[in-house]
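Note that these values count all heavy atoms, side chains included, but never hydrogens, waters or copies made by symmetry. Lettering of chains follows the sequences in order, A, B, ..., and the numbering in each one begins at 1.
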Amino acid sequence: MRMQDFSRDRLTSVSPDLSVDIAGVRFPNPVMPASGAYEVDEIHDNFFSPSELGAVINKTIFLHPRPGNPPPRIWETPCGMLNAIGIPSDGAEVFIRDKLPALRRLGPPVVVSIAGETMEEWIELAERIEATGMADLLELNLSCPNLSEGIPWSTEEKTLERVVSAVVSRVKLPVIAKLSPVVTDIADMARTAERAGAAALSMINTYKGMAIDIKKKRPALGNITGGLSGPAIRPLAVWAVYSAHEVVKIPIIGMGGIDGPAAAIEFLLAGASAVAVGMYNFIDPFTMKRTIEGIRTYLAEEGYSSVREIIGLAHVK
Amino acid sequence: MRMQDFSRDRLTSVSPDLSVDIAGVRFPNPVMPASGAYEVDEIHDNFFSPSELGAVINKTIFLHPRPGNPPPRIWETPCGMLNAIGIPSDGAEVFIRDKLPALRRLGPPVVVSIAGETMEEWIELAERIEATGMADLLELNLSCPNLSEGIPWSTEEKTLERVVSAVVSRVKLPVIAKLSPVVTDIADMARTAERAGAAALSMINTYKGMAIDIKKKRPALGNITGGLSGPAIRPLAVWAVYSAHEVVKIPIIGMGGIDGPAAAIEFLLAGASAVAVGMYNFIDPFTMKRTIEGIRTYLAEEGYSSVREIIGLAHVK
Amino acid sequence: MAVPVYRKATLVSRKESPRGYVHLVIREEQIARTAGPGQFVMVRGWHTGDPILPRPFDIVLADPLKGVFRLCIKVEGKGTRLLSTLKKGSSLYVTGPLGKSITEFDSAGTALLVRGAGAAAVVFLAETLSKLKKPVYTVLSASTKSRLVCRALLEEFSNDVFIATDDGTEGYHGNGTDILDQLIREGKVDTVYTCGSHRFARHVKALDLAGKVKGYLFLEGNMGCGMGDCHGCAVKKDGQDGYFLVCMDGPVFRSRSVVVEP
Amino acid sequence: MAVPVYRKATLVSRKESPRGYVHLVIREEQIARTAGPGQFVMVRGWHTGDPILPRPFDIVLADPLKGVFRLCIKVEGKGTRLLSTLKKGSSLYVTGPLGKSITEFDSAGTALLVRGAGAAAVVFLAETLSKLKKPVYTVLSASTKSRLVCRALLEEFSNDVFIATDDGTEGYHGNGTDILDQLIREGKVDTVYTCGSHRFARHVKALDLAGKVKGYLFLEGNMGCGMGDCHGCAVKKDGQDGYFLVCMDGPVFRSRSVVVEP
Ligand SMILES: Cc1cc2nc3c(=O)[nH]c(=O)nc-3n(C[C@H](O)[C@H](O)[C@H](O)COP(=O)(O)OP(=O)(O)OC[C@H]3O[C@@H](n4cnc5c(N)ncnc54)[C@H](O)[C@@H]3O)c2cc1C
Ligand SMILES: Cc1cc2nc3c(=O)[nH]c(=O)nc-3n(C[C@H](O)[C@H](O)[C@H](O)COP(=O)(O)OP(=O)(O)OC[C@H]3O[C@@H](n4cnc5c(N)ncnc54)[C@H](O)[C@@H]3O)c2cc1C
Ligand SMILES: Cc1cc2nc3c(=O)[nH]c(=O)nc-3n(C[C@H](O)[C@H](O)[C@H](O)COP(=O)(O)O)c2cc1C
Ligand SMILES: Cc1cc2nc3c(=O)[nH]c(=O)nc-3n(C[C@H](O)[C@H](O)[C@H](O)COP(=O)(O)O)c2cc1C
Ligand code: FES
Ligand code: FES
């Protein structure tokens with residue numbers, strides 16, 4: 001009897017700690033949705049409660065309402081999909097009034113994803129979100145490949161530095177810079193964002209790609225090009241995180257093709273402090289829950305007492 | 001009777017012409033192997049004859065022998081694979097003596113893929129290949145991501161311009177520049193290569209990526225990073241070709257994830273004048289043959305008399 | 001509203017009819033119990049790969065007692081080809097019921113104008129209307145006699161089924177819209193649902209705008225998720241800026257509210 | 001040399017034994033007719049996706065008359081799990097026979113030192129030797145009695161099978177290499193083939209270098225193609241620079257010619 005009690009105690013004591021620290025904010029576990037790929041509503045609440053997540057996040061909002069792109073907006077590709085949604089947005093006012101309070105009430109830290117079309121918009125939007133007092137972190141989507149306004153903000157070092165430091169200088173909220181992988185060396189961009197004052201990085205947004213409908217002999221997407229996401233891009237995203245981890249000290253939220261615990265663990269070992277699930281939410285709405293549970297099992301089986309012990313462990317010194 | 005003869009005539013006359021012109025060299029059809037992913041030997045000859053191909057090509061050779069990278073050299077990823085072969089090479093002498101004559105005897109145009117570790121090597125190797133009189137085209141592999149010597153030659157405009165123009169000024173053979181996609185905007189690189197005198201482009205080589213073996217908690221490849229190929233990258237490669245086709249006049253050989261006729265047709269519609277099959281040769285050794293036949297069927301069904309009619313057709317003007 | 005579930009379900013039977021269309025009967029009790037007319041499911045009969053996304057299909061009929069529902073799938077590309085080769089007893093992943101269920105049944109007479117796989121979309125509605133003893137007139141169109149889909153089911157639940165074939169191999173030799181117009185002229189129908197043909201959709205919308213009927217369209221669109229996550233399934237609003245999402249705001253739309261593609 | 005074919009083949013039977021190992025009998029006449037001991041096939045039981053690459057497996061036995069060959073697959077990861085769930089009658093794509101067939105059989109006595117799935121690699125060789133009336137001594141090792149693989153087949157073709165288990169549940173309680181050393185001391189064997197354990201490989205290589213036996217290793221390696229295209233399956237040469245390719249130069253290597261990983 002005593003033996004059994006003893007072993008039960010031990011089992012309890014080794015149940016691993018999943019919490020991580022992102023820029024001073026404690027995430028109860030390292031798994032969150034990627035912006036734009038998970039809605040918080042009654043439907044999703046019925047699968048599992050979003051309060052079980054490491055953090056919650058909105059689909060990127062702009063200051064002013066936007067309709068998004070004409071269809072077709074998505075197209076399946078091998079182990080991935082292209083999207084050219086174009087970020088339809090209700091604008092800041094509606095978001096702050098209707099959506100943000102609902103996110104706030106869930107429990108996990110709230111990351112608010114924003115994007116500006118001009119430098120002034122970035123600043124105004126950041127300030128307005130901060131003023132609500134309902135956000136824990138601000139994510140700057142510097143990397144959407146579907147905007148007709150030109151190349152993403154984070155594909156050019158000077159522009160990246162300018163927008164990050166402008167926002168950082170105006171708000172006290174920790175700022176996450178979400179980077180585009182469509183660059184020659186993303187580690188340079190990670191370093192630039194850190195230098196400009198970003199408190200964390202989200203890596204990566206989608207890769208620019210396209211498909212052609214060979215029946216119609218035209219680009220498959222209404223917007224011609226789109227962003228590639230899904231398991232297809234995982235090896236590229238893991239490398240992006242790994243290479244950034246070598247040069248920055250700020251925490252990284254890793255994403256790109258995570259479809260379950262094994263993929264999430266790859267990112268953690270590569271140096272991500274947390275991970276986000278995008279496209280795979282569409283395929284299996286339980287992906288994030290499975291991922292949290294699977295990370296816990298992996299840590300227990302491999303004898304770790306905290307997920308923090310495996311962050312960056314794959315780096316060859 | 002006459003009616004029948006007549007219709008047979010018509011059928012014959014609409015059997016589509018598959019030949020294309022790459023820098024003044026006639027390819028009997030637009031399908032060739034990608035460098036490093038198909039060997040010409042008795043084994044392969046037994047599947048189908050390499051003389052049926054649009055062109056043949058060797059695995060990139062260097063001037064001097066090289067052993068290649070330590071294993072593991074390959075790792076499977078979703079709809080793709082990473083490789084860090086490191087281009088083992090017998091060196092120019094053995095290649096010219098043993099392998100090149102065998103390629104030459106097959107019939108289709110011979111593309112010789114070369115790479116240099118220094119500017120001098122590029123030039124010496126190009127001159128030695130030209131001197132054999134057995135090559136129709138020279139492909140410069142400016143883009144291998146697995147060399148420890150530094151970043152690929154084609155990820156920096158000045159370097160790319162320097163090496164292409166140096167080779168072009170020394171040889172009469174038409175030069176194909178094989179570009180790396182690991183850049184912010186590959187269309188810039190395509191333009192640079194054209195300006196430097198390249199007679200054609202091969203697009204694209206593999207994307208830099210990595211995987212982590214979560215059992216060993218270490219990078220899965222001996223070389224840490226590798227190049228991603230396979231259907232996973234196809235949407236990125238199609239975009240690369242499409243965007244280059246908008247800015248250059250020289251022909252493009254398109255590749256990246258071609259697994260059969262539909263994928264090949266995507267590249268042709270995007271602006272490639274020929275296509276190359278890499279990784280999929282490993283999975284289905286008949287891929288190139290299936291692709292040639294499938295392109296012919298598509299053209300016939302869609303009512304085209306030559307494959308040249310569909311090159312670049314998807315461009316929205 | 002019935003909240004959707006995501007479940008591993010079992011294929012209990014499959015049948016091809018006509019050629020190129022497979023009817024799958026799937027056991028998943030909760031979906032069978034809660035589905036309503038107009039709703040759909042997302043189905044995946046493969047693991048991650050190529051194809052990777054689930055595919056949307058209308059629920060043809062649901063049997064809450066037996067715990068099964070039926071799909072009718074036209075074999076088109078990769079995904080439907082794989083689904084069509086599944087054997088009895090196979091597992092598939094299903095999410096549903098999705099989309100808004102049709103809840104207004106107060107029409108005096110309803111016409112269902114359908115073609116091809118579009119016929120699958122309206123069977124559930126026909127059944128519901130027939131249970132409510134509401135008159136249902138179906139115009140079932142196809143290129144030729146052997147391509148008529150869900151004919152027996154529609155005959156079971158409709159007061160009348162009018163066949164129209166492009167080649168005249170059965171029924172009216174010509175356009176199904178002619179029959180619809182005739183039904184309207186006869187005063188039999190004040191409400192029309194259509195699915196499966198852009199031409200039909202344009203025609204119904206014109207009737208709707210002209211105030212001759214209440215017109216409804218079953219819309220499609222490339223879907224990633226079927227539940228509002230991806231914003232992929234956009235359809236342009238008519239008369240105002242912006243887009244509806246087919247999966248959340250539809251899949252059935254009042255015809256005058258949306259832009260019908262040419 | 002037999003030139004390999006790439007074919008769609010049929011699974012004619014499957015059996016699990018012991019737990020975690022499936023034996024597949026596959027009908028493909030040309031491979032069955034031309035395969036030799038030491039050769040392998042690349043197998044794919046899925047379409048493009050995840051997994052995508054074919055997987056290499058040794059040919060356990062080939063029956064040229066019946067046109068079938070047998071594999072014994074340890075269920076490890078994605079690919080082997082999918083292969084293990086294939087039902088009788090399923091199609092799979094096979095390329096083979098691949099690699100070099102063993103052609104020297106002039107040893108006075110041959111020992112086969114194997115563990116786990118490694119046992120599958122040597123059955124064909126044991127059969128060949130037994131047909132040639134050459135003495136074969138098999139040392140079959142496992143962690144425990146219930147994990148012994150291909151036991152009945154090896155008993156059929158060996159003069160003697162010695163069992164060694166780590167936990168002593170059957171046979172010798174300890175290391176299989178002890179039994180091998182004993183066989184050598186007794187002068188029964190001058191040639192050793194080993195597969196399935198790095199420890200065994202190191203031991204055999206040491207014996208080979210010491211001039212006590214001719215040692216041979218069945219090597220593995222991450223394979224993309226199995227036929228020399230990808231250069232993925234490299235194994236370091238011993239005593240000279242560079243690499244062999246397991247698929248073209250092997251999979252069976254003289255132990256002294258290659259570097260055995262620690
Ligand atoms: C709400 C809804 C209900 C539907 N109900 C039915 C039904 O009951 N019976 C039926 O046969 N078909 C129905 N469809 C259409 C069906 O979903 C498509 O035919 C199917 O997705 C094609 O898949 P595929 O892999 O065979 O084709 P592919 O062309 O290989 O598919 C490639 C990609 O394009 C998308 N796609 C291609 N065509 C369509 C299309 N017409 N609609 C949406 N996505 C498409 C696929 O989702 C996939 O991502 C419905 C569609 C929607 C949106
Ligand atoms: C010549 C040869 C003969 C073999 N014969 C047999 C046999 O008869 N029976 C048997 O059970 N196994 C055999 N193996 C090992 C077998 O090929 C691997 O266990 C199998 O590929 C694992 O696939 P998976 O998808 O289950 O594992 P995963 O770990 O999911 O595979 C992931 C990737 O790693 C590669 N990989 C992983 N482990 C190995 C490995 N040990 N060897 C090669 N590639 C690997 C796979 O090819 C794949 O690309 C042989 C290997 C070789 C090279
Ligand atoms: C349909 C879709 C919509 C997206 N919308 C946004 C967005 O609004 N803001 C943003 O920062 N990223 C957006 N992304 C990118 C994802 O957040 C994520 O960075 C990317 O998809 C890679 O992750 P995945 O492979 O898991 O999908 C979107 C991705 C998809 C597939
Ligand atoms: C195993 C392997 C080896 C390769 N070796 C070379 C090489 O030697 N030279 C070269 O230019 N490209 C090499 N490549 C790149 C291919 O030629 C091709 O550009 C790339 O793989 C994309 O095509 P795919 O997706 O069809 O494989 C190699 C690719 C693979 C997978
Ligand atoms: S299908 Fe994803 S939002 Fe409608
Ligand atoms: S497996 Fe490709 S070369 Fe050996």
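Of all heavy-atom pairs spanning A/P78 and B/C79, the tightest one is C-SG, 3.7 Å. Between A/K217 and B/E302, the closest heavy-atom pair is NZ-OE1, 2.5 Å.
When side chains are defined from C-beta on, B/D185 does not count as touching A/V182, because their heavy atoms never get closer than 4.5 Å. Taking the side chain as every heavy atom from C-beta outward, A/I233 and B/Y207 never approach each other to under 4.5 Å. Contact check for A/E266 versus B/I214: side-chain heavy atoms found under the 4.5 Å cut-off. Between B/M210 and A/P235 the shortest side-chain heavy-atom distance does not fall below 4.5 Å.
A distance of 14.0 Å separates CH2 in A/W239 from CG in B/L228, rounded to the nearest 0.5 Å. Rounding to the nearest 0.5 Å places NZ of B/K208 at 11.5 Å from OG1 of A/T184. The structure places CG of A/L268 at 9.5 Å from CD1 of B/I212, a figure rounded to the nearest 0.5 Å. The distance from the CG atom of B/L236 to the OG1 atom of A/T225 is 11.5 Å, given to the nearest 0.5 Å.
In this structure, the portion of B/L82 lying under 4.5 Å from any heavy atom of chain A is its side chain and not its backbone. Contact annotation for B/F267: neither backbone nor side-chain heavy atoms come within less than 4.5 Å of a heavy atom of chain A.
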